[in-house]
Amino acid sequence: MTIRHLKIFIEVARCGKMSKAAANLYISQPTVSQTISELENHYKVRLFERFPKSLHITSEGKVLLQYAKQVIAALDDLENAMSRSDLNPPVRIGATVTVGSCVIGDILEMLEERCPQSDISVCINNTKTIEELLLANDLDIALVEGTIKNRDLICTPVIEDYLVLVCSDRHPFAKRKCVSLEELSKEPFILREEGSGTRSLFLNSMAAKGYSVREKWTCTNADTIKQAVMANRGLSVISIRAVEQELKQGHIHIVPVEDCRWKRNFCLTYHKNKFLSVALTHFIEIAKGYSKNEALSLLLDKKN
C-alpha cells in the first residue's frame, strides 16, 4: 500500500465512478480498478459496492477514507514545511453557532496579531456538522459548545459558559424570582436546530427530570432566537454570553429555574493525528487563556 494507492482511492470515493477518477488523475481506468482491488486485497475488505452506473462506499471504505485524508493532509504539511514553499499554511477554524457569535471574534483578533501573514478561514455551524468536517479534514481545529462523540478527536474544555432561561420584558415570568420545571413544560419554546449543543443540553436535562418541551420555533442562529424572544413568541434557553447587550438594555430577562443549573464548557477539538502548525498552536494557547467574564457577572448579579 502506497501514498499513490490512497490518493487514487480518495478520488474514486469523491467521484463515485472509476472512469471519472481516472480522467481527473490522468491515468487509465484499468489502473484505477487495479489500485482499488489491491487495497481491498491488502486490507481484506470490500471498499466499494459495485453497481452498473455507480459505486457506493462501504462502512469499511468510510473508515479508510477518513484515515487516508489525514495521511495525505499530513504529507502535504510535511512537503510544505520541508520545502519552505509555504511558511504560513491556511488555517481552517470551525466554531459552533454560540461560540461564533460570542467568542471567536475576540480569539481571531488575537490570533491575527500573532500570525499576521496566516490565511485564516472560519466555518460556523452546529456541533454535529463541525465534528463531521474535522473528521473529513475539511477543518483543522474547532471551538465547540456541544459534545464531541468520535474518539479520534481530542476534546479539551477551555472556556466556562452557562445556559440561562430568557423571556421578554412582557412575559409574566419577567417579574418572577424563580420558576419550576413543571411550569416550563407548559410554555412554548424557541430552540436551536438538531445537532446543536445548546439544544441537546437543555432537552436532555429536561428529559432526565421527566419533563418534555413544547417546541414552537426552531432556529439556526442566536440573533433570530433573541428577536423572537423579545417579540414574546416564547421562551428560550441560550448562552449567557449571547444576550449581554439585551440584558443591559432590559429587553430580555433571565429567569432562574428551581434546582436547575446549566453549566457547560466550550471545548477545543481537533484530530488526534493532526499536525499542529505554529498558527494552530497559537490558536490553542489563546483559547486556553481566553477570559471574558462580563456576561458571567451579569448572571451572578441576577442570582444575587
Validation row, ring centre Phe266 to ring centre Tyr290 under 6.0 Å: no

Contact summary for Ile27 and Thr31, nearest pair of heavy atoms: CD1-CG2, 4.2 Å

4.5 Å side-chain heavy-atom contact, Ile93 and Asp140: no

Within one Ile-Leu-Val-Met-Phe-Trp-Tyr cluster: Ile190 and Met230, side-chain cutoff 4.5 Å: yes

Main-chain N/O of Thr2 paired with His5 side-chain donor or acceptor, under 3.5 Å: yes

Residues Lys44 and Glu60 bridged, charged N to O under 4.0 Å: no

Trp262-Phe202 aromatic ring centre distance below 6.0 Å: yes

Residue that, paired with Val237, satisfies side chain to side chain contact (heavy atoms under 4.5 Å, CB included) out of Leu163, Val164, Leu201: Leu163

same_hphob_cluster(Val63, Ile10) at 4.5 Å side-chain heavy-atom cutoff: no

Leu65 side chain reached by Ile57 side chain, heavy atoms, under 4.5 Å: yes

Candidates Asn137, Ile141, Leu280 - the one meeting side chain to side chain contact (heavy atoms under 4.5 Å, CB included) with Arg92: Asn137

Ring-ring centroid check Phe48 His56, cutoff 6.0 Å: no

Backbone of Leu191 reached by a side-chain donor or acceptor of Thr218 within 3.5 Å: no

Considering all heavy atoms, the nearest Cys267-Pro157 contact: SG-CA, 3.7 Å

Note, Arg50 side chain near Leu55 side chain (heavy atom, < 4.5 Å): yes

ILVMFWY cluster, Val278 and Ile120 together (side-chain gap under 4.5 Å): no

Backbone N/O of Ile8 and side chain of Glu11: donor-acceptor pair under 3.5 Å: no

Side chain proximity check, Arg114 to Phe283, heavy atoms < 4.5 angstrom: no

Any donor-acceptor pair under 3.5 Å from Arg176 side chain to Cys178 backbone: yes

Trace of the salt bridge (Lys or Arg N to Asp or Glu O under 4.0 Å) decision for Glu145 with Arg192: CA-CA 13 Å; Glu145 67 214 52; Arg192 286 280 309 281; 3.5 Å; yes

Working for side-chain contact (heavy atoms from CB on, under 4.5 Å), residues Asn265 and Asp161: CA-CA 5 Å; Asn265 290 289; Asp161 186 48; over 6 Å; no

Side-chain (Glu131) to main-chain (Lys149) donor-acceptor, under 3.5 angstrom: yes

Minimum side-chain heavy-atom gap Ile225-Arg233 below 4.5 Å: no

Main-chain N/O of Gly146 paired to Thr127 side chain as donor or acceptor, under 3.5 Å: yes

Linked, directly or transitively: Val97 and Val103 (ILVMFWY side chains, under 4.5 Å): yes

Nearest heavy-atom neighbours spanning Ala95 and Val99: CB-CG1, 4.0 Å

Verdict with reasoning, Phe173 to Glu183, per side-chain contact (heavy atoms from CB on, under 4.5 Å): CA-CA 10 Å; Phe173 283 2; Glu183 288 177 290; 4.2 Å; yes

pair Val229-Phe189: side-chain heavy atoms closer than 4.5 Å: no

Whether Ser236 side chain and Ile238 backbone form a donor-acceptor pair below 3.5 Å: no

Donor-acceptor contact below 3.5 Å, side chain Asp152 vs main chain His271: no

Test: Glu194 and Lys128 ion pair at under 4.0 Å: no

Side-chain heavy atoms of Asp259 within contact of Leu181, under 4.5 Å: no

Crowding at CZ, Arg4 (>12 non-hydrogen neighbours, <6.0 Å): no

Same apolar cluster (I L V M F W Y, side chains within < 4.5 Å links), Leu39/Tyr67: no

Side-chain (Ser185) to main-chain (Glu182) donor-acceptor, under 3.5 angstrom: yes

Glu109, CD: over 12 other non-hydrogen atoms inside 6.0 angstrom: no

Main-chain N/O of Ser33 paired to Ser37 side chain as donor or acceptor, under 3.5 Å: yes

Leu135 side chain near Leu153 side chain, heavy-atom distance below 4.5 Å: yes

Closest non-hydrogen atom pair between Leu111 and Ala279, with its separation: CD1-O, 3.5 Å

